[in-house]
Amino acid sequence: MNRDELILSCEETVKNLVRKYNNHRLDEDLHAVGMTSVIECVDRSLDEGLTDIDQVQARCNTWARNMILKEIYKEKIKYSDDNSSLEYIEAEEDLWETTQNIKSILTPRETEIFNLMLEGLSQNQIMKKLNIKKPTYFKHFSKIKEKIKKLR
């Protein structure tokens, strides 16, 4: 399957996600957000050499879902004061606090890697950006995981 076919194979899922999370209405702006994330995901997957079609589609559908939900919640927060918006804000604050707690126990290099992970960069992108080799990346990644487990 080529790039365009992969993108088109995710379009119906994006439409369904928009309907599901937007009170059964298809919104063109949300559809565009979802498809933009699918295109970015397909390109990133192909750049990383991911060739399993099912994995690429699953990954893209997750990205699309996350971006659609993020856009919906952002709009709710902007334009309403309903309880779901307040719950989202509280969840965001909890997430921010948890992230800060994690960062407080990491070394500067681990924090750098953690931040790049939070930005959604892949292992290969992080290694390239920081100019580190795989063993070094995995050493830092293992330490980050250990420290996060201790926080629980």
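Here the structure is a predicted model, which is why all the values come from computation and not from measurement.
- In this structure, the side chains of Thr13 and Arg65 stay at 4.5 Å or more apart for every pair of heavy atoms.
- Counting only heavy atoms from C-beta outward, the side chains of Ile132 and Ile113 approach each other to under 4.5 Å.
- If you take CG on Leu50 and SG on Cys41, they are separated by 8.5 Å, rounding to the nearest 0.5 Å.
- In the hydrophobic clustering of this structure, Val42 does not group with Val33; members are Ile, Leu, Val, Met, Phe, Trp, Tyr whose side-chain heavy atoms approach within less than 4.5 Å, directly or through other members.
- Residues Thr36 and Met67 form no side-chain contact, since every pair of their non-hydrogen atoms from C-beta on lies 4.5 Å or further apart.
- Atoms SG and CG, on Cys10 and Asn16 in that order, are 12.0 Å from each other to the nearest 0.5 Å.
- Taking 4.5 Å as the limit, every side-chain heavy atom of Ile102 sits out of range of all side-chain heavy atoms of Lys147.
- Between Glu110 and Lys103 no salt bridge is recorded (no basic side-chain N to carboxylate O distance below 4.0 Å).
- The shortest distance between side-chain heavy atoms of Ile144 and Ile148 falls below 4.5 Å.
- Contact between Leu17 and Asn61 at its shortest, heavy atoms only, is CD1-O, 3.9 Å.
- Residue pairs meeting the side chain to side chain donor-acceptor pair (under 3.5 Å) criterion with at least one partner in residues 125-137, sequence neighbours excluded, are Ser122-Gln125.
- The pair Glu48-Arg44 does not meet the salt-bridge criterion, since no charged nitrogen lies less than 4.0 angstrom from a carboxylate oxygen.
- Within the model, atoms CD1 of Ile7 and CD1 of Ile39 stand 5.0 Å from one another, a figure rounded to the nearest 0.5 Å.
- Here the CG atom belonging to Leu46 is positioned 8.0 Å from the CZ atom belonging to Arg3, to the nearest 0.5 angstrom.
- Glu11 is linked by a salt bridge (Lys or Arg N to Asp or Glu O under 4.0 Å) to nothing, counting only residues two or more places apart in sequence or in another chain.
- Considering CD of Glu12 and NZ of Lys15, their distance stands at 5.5 Å, rounded to 0.5 Å.
- Transitive grouping of hydrophobic side chains (ILVMFWY, heavy atoms separated by less than 4.5 Å) keeps Leu30 and Trp63 in distinct clusters.
- Linking Ile, Leu, Val, Met, Phe, Trp and Tyr residues whenever their side-chain heavy atoms come within less than 4.5 Å places Phe141 and Ile105 in a single cluster.
- Lys149 and Glu146 are not joined by a salt bridge, as no carboxylate oxygen comes within less than 4.0 angstrom of a charged side-chain nitrogen.
- Proximity of a side-chain donor or acceptor of Glu5 to a complementary backbone N or O of Asn2 within less than 3.5 Å is detected.
- Residues Glu112 and Leu130 approach most closely at OE2-CD2, 3.3 Å, considering heavy atoms.
- For the pair Ile68/Val14, a side-chain contact is recorded, criterion being any heavy-atom separation below 4.5 Å from C-beta on.
- With a 4.5 Å cut-off on side-chain heavy atoms, Cys60 and Leu6 do not count as touching.
- Two different hydrophobic clusters hold Leu8 and Val18 under the rule that ILVMFWY side chains link at heavy-atom gaps under 4.5 Å.
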